[in-house]
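Everything below concerns the one structure shown next.
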Amino acid sequence: MTTTPLVRRHHRDPVALAILKNRFEAIARKMAHTLLKTGRSGVLNTARDFSCGILTADGELVTGAECYPIHVLRGPDLMHATMKAFHPDLRPGDAVLHNSPYHGNTHAADHAIMIPVFDDRGRHRFTTLVKAHQADCGNSIPTTYVGTARDVYEEGAVIFPAVLVQRDYRDIDDIIRMCEMRIRVPEQWRGDYLASLGAARIGEQELLELGAERGWDALEDHTRAWFDYSERRMVSALGRLASGRAVAHGTHDAIPGTPPDGIRVQADVTIDAAAGRVTIDLTDNPDCMPNGLNLSQGCALSAAIVGIFNCIDHTVPPNAGSLRRLEVKLRENCCVGIPRHPTSVSVATTNLSDRLSCAVQRAVAAIDPRFGMADGGPPFPPVAGVLSGFEPDTGAPYCNGILFAGSGGPGNPYTDGWVTLLSMGNAGMPQMHSIEVAEIQHPVVIHDRAIVPDTGGDGRRRGAPGTLTRFGPTAAPVEVGYVSDGTVHPAEGVGGGLPGGPSRQWRVRADGSEEILPTYGQVVLQPGESLISITAAGGGCGDPLEREVERVAEDVAEGWVTPARARSVYAVVCAADGTIDPTATAAERAARRAAA
C-alpha cells in the first residue's frame with residue numbers, strides 16, 4: 001500500500017468532520033440493517049455473516065462500521081481496482097457481483113455486490129460494498145468450506161471476477177440463471193442476492209441524498225481530511241508502543257494436504273514507534289498447500305493487520321488513512337500470501353487467518369508486554385459449520401451455515417477473553433444462534449450448550465473457556481461439514497499465560513457408543529445420533545499467580561474454574577463451602593513465589 005506522508009494535511013472543522021463521519025457510518029448501518037432484516041438464509045438473518053461498507057471512487061475504505069475486519073481491512077481496494085479494470089465504462093445503474101479470491105475477494109463463499117455511485121454530472125464519487133457469506137456457493141460438497149479441496153476445481157465454487165450483474169438497474173438474467181443452476185438452494189440464494197443488492201442500493205440512495213445536501217466536493221474533501229486524521233491517530237497509537245522486532249509462529253492442525261505436523265506460519269513484526277510504522281513480513285512461509293486452507297491475498301493482508309488493530313487503542317478508526325502506517329509484505333504462491341489460480345482458498349477467512357492474526361499479536365506482546373495478547377481459540381468447529389440435507393416433512397433440500405457456538409477469545413494485558421468472540425477476524429460481530437431459533441430454522445435438536453470448566457487459558461488475565469454443545473437430527477439424516485482446528489495445537493498463551501483448552505468433537509450413536517471424529521469432515525448424523533462439539537478456548541496472558549483473588553473467586557462461583565484448578569494453578573484455596581479461604585490463599589501464594 002502506498003504510504004502518504006504525514007506532513008500532508010487536509011484541515012477541516014473538527015465538528016464538521018465528526019458529523020460527516022457519523023453520517024457515513026449511519027449509511028453503512030442502514031445498509032446492514034436492510035440486509036439483516038431481508039436476508040433469506042440463517043447465515044445472514046441470524047448469524048449475521050456479512051459486511052457493509054463504503055469506498056471512495058479510488059477504492060479506499062471510508063468506513064468499516066458494519067464490517068468484519070477480515071472482510072474489508074484490505075481486499076476491497078483490490079476488488080475495486082479489478083472492477084474498474086474490467087469495466088472502464090461503469091455508469092449509474094450498474095452493479096457488480098464479485099467473489100473471486102484471485103482478484104481481491106476473501107473466498108468464493110463471500111458474494112460481494114459493488115455499486116458505483118455517480119453525481120449528477122456522471123462522475124464516479126463513491127462505491128457501496130456489501131459482502132455476504134452464502135449458505136451455498138456451488139461447491140462440490142454441501143459446504144462453503146472445503147478444507148480438503150486439492151484445487152478450485154475440486155472445491156467446485158462458481159467464480160465471478162467482478163461480473164456485471166445489473167445494468168440500468170435491471171438484472172442481467174444470464175448471471176442469475178447461472179447461480180440458480182449451480183446452487184443447491186436457488187430460491188434461498190435469490191433471496192439473499194436481492195437482500196444484498198437492496199442493501200447496496202440503499203447505500204447508493206443515501207449517498208446521493210448526502211451528496212445533494214452537502215455537495216460532492218465537500219464529501220471528497222471530508223474523506224481526505226478523515227483519512228489524514230485517522231493516520232494521525234494511528235501514529236499516536238503506535239507511538240505508545242516500544243520499538244523492536246519479534247518473530248512469532250502459529251501451527252494449524254494437520255489435514256490432508258498439509259505436512260504431518262500441520263501448517264506452521266510465521267509473522268516477522270517490526271515496530272518503529274518513533275516513525276509511527278509497523279512492518280509485517282510474511283514472505284518466509286510455506287508455499288501454497290494442495291488444500292483449502294490457503295489465504296487469499298485479501299485475507300493475508302487483513303489477517304496480519306487484524307493482529308495490530310487488536311493490540312492498539314481501539315478508538316483508532318479502521319480505514320484507508322490508518323492503514324497507511326501498516327505495511328504487510330507478501331510473496332506469490334505462499335499459503336499466507338498471494339495464491340495462484342487454481343489454488344484453493346476455500347477456508348481463507350477463518351482457520352489459517354486466525355493463526356496468522358494470533359502470531360502477530362504474540363509478536364507485539366514480545367516487543368512490548370503492555371500490549372499484544374494471547375491466541376484466540378482456533379475456529380471452525382462442527383457447531384460453526386454447515387448443515388445440509390432434506391426437510392423431513394417436505395423433502396425440500398436445505399443448506400445453511402450455523403453458529404451454535406464458537407471459540408473463546410484471548411486474554412490480554414487488561415481484560416479476560418471474550419466468551420463469544422468466535423473468531424479473531426470477525427471481531428465478535430457474528431451472532432450465535434439462540435437454541436429456540438436454531439431449532440425452528442433447522443431440523444435439529446440442541447440437547448446441551450454450556451461452558452466447559454477449567455478450559456480457559458489460565459493467566460493474570462484468563463482466556464475465555466470452551467463451550468460444549470450437543471445436537472442431533474429430528475426425523476431425517478443431517479450432514480454436518482466443518483474444518484476444525486485446535487485439537488492438536490491449542491491456543492497459546494503469552495507472558496507466562498497458559499494454553500487454552502483444545503477443541504474436540506465426537507459422535508454419540510443411538511446405542512450410546514461414542515466415535516471420536518477427525519478435525520475435518522462431512523459427518524452424516526442419523527436420527528437418534530448426536531454430535532458433541534467442544535470449542536477451543538483462548539490462551540491466557542500473564543502469570544496466573546498474579547491474578548487477583550477476587551477474580552478467581554468469581555470464576556469459581558460462576559463454575560468456570562473448579563476449586564481444584566483454582567488451587568493448583570492460581571494458588572487460591574477454597575473452603576468447604578466454596579468460598580475463598582484468605583489465610584490459606586496468602587500462605588499458598590507466598591510458598592509458590594518462594595519456590596519459584
Side-chain angles (χ1 to χ4, degrees), residues 35-50 109 111 132-146 156 158 176-177 179-196 381-406 430-449 468-482 505-513 515 517 521-533:
L35 183 52
L36 181 66
K37 293 299 184 182
T38 60
R40 183 75 60 85
S41 65
V43 73
L44 298 186
N45 63 35
T46 303
R48 203 200 174 284
D49 194 348
F50 61 80
H111 281 200
H133 189 98
Q134 301 302 297
D136 184 80
C137 59
N139 279 339
S140 58
I141 55 178
T143 178
T144 48
Y145 300 93
V146 189
V158 187
I176 305 302
R177 287 195 299 272
C179 288
E180 290 177 330
M181 288 298 293
R182 278 296 302 274
I183 288 175
R184 293 171 176 83
V185 282
E187 291 184 0
Q188 179 175 281
W189 173 84
R190 182 65 180 268
D192 285 349
Y193 161 72
L194 292 174
S196 298
V383 284
V386 177
L387 291 187
S388 61
F390 298 89
E391 295 287 352
D393 295 333
T394 65
Y398 66 89
C399 186
N400 214 338
I402 58 172
L403 199 52
F404 296 165
Q431 302 297 304
M432 285 173 54
H433 281 81
S434 77
I435 291 176
E436 293 77 11
V437 171
E439 292 178 343
I440 291 172
Q441 291 183 331
H442 311 94
V444 299
V445 175
I446 300 178
H447 302 285
D448 300 289
R449 183 165 68 185
L468 181 147
T469 306
R470 181 170 70 94
F471 69 95
T474 54
V478 170
E479 186 167 344
V480 185
Y482 64 96
Q505 50 273 326
W506 63 95
R507 183 208 308 263
V508 180
R509 300 194 182 276
D511 62 5
S513 61
E515 172 196 2
L517 296 174
Q522 295 288 126
V523 177
V524 178
L525 299 174
Q526 300 295 333
E529 297 184 332
S530 60
L531 189 152
I532 297 178
S533 173

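The basis for the numbers below is simple: all heavy atoms, side chains too, and nothing from hydrogens, waters or symmetry mates.
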What are the two closest non-hydrogen atoms of [X] and [Y], and how far apart are they?
X	Y	value
Val444	Ala438	CG2-O, 4.4 Å
Ala47	Leu403	CB-CB, 4.2 Å
Ala109	Thr144	CB-CB, 3.6 Å
His442	His433	CE1-NE2, 3.9 Å
Leu44	Phe50	O-CE2, 3.6 Å
Ala475	Pro392	CB-CB, 4.0 Å

Quick one: does [X]'s side chain get under 4.5 Å of [Y]'s, heavy atoms only?
X	Y	answer
Tyr398	Glu391	yes
Leu525	Ser530	no
Pro142	Val386	no
Asp49	Pro430	no
Gln526	Pro477	yes
Arg184	Pro397	no

Ignoring hydrogens and geometry, is there a side-chain-to-backbone donor-acceptor pair from [X] to [Y] under 3.5 Å?
X	Y	value
Arg182	Gly138	yes
Gln134	Ala132	yes
Asn400	Val43	yes
Gln441	Ile402	no
Arg449	Phe404	yes
Asp136	Ile183	no
Asp192	Ser41	yes
Glu439	Ile446	yes

Within this structure, what is the [atom1]-[atom2] distance for the pair [X] and [Y], rounded to the nearest 0.5 Å?
X	Y	atom1	atom2	result
His447	Thr469	NE2	OG1	11.5 Å
Leu194	Thr38	CG	OG1	8.5 Å
Arg40	Gln188	CZ	CD	7.5 Å
Leu387	Cys399	CG	SG	8.5 Å

* **Audit row: Leu35, Ser196, side-chain contact (heavy atoms from CB on, under 4.5 Å) steps and yes/no** => CA-CA 6 Å; Leu35 183 52; Ser196 298; 3.8 Å; yes
* Structure fact -> Checking Val480, Ile532, Val523, Leu531 against Arg507 for side chain to side chain contact (heavy atoms under 4.5 Å, CB included), the one that qualifies is Val523
* **side-chain contact (heavy atoms from CB on, under 4.5 Å) assessment of Ile435 paired with Phe471** => CA-CA 10 Å; Ile435 291 176; Phe471 69 95; over 6 Å; no
* Does Glu515 CD have over 12 foreign heavy atoms under 6.0 Å away? -> yes
* Asked: Hey, what's the ring geometry for Tyr145 with His133, parallel, tilted or perpendicular (30° and 60° as the breaks)?
  -> parallel
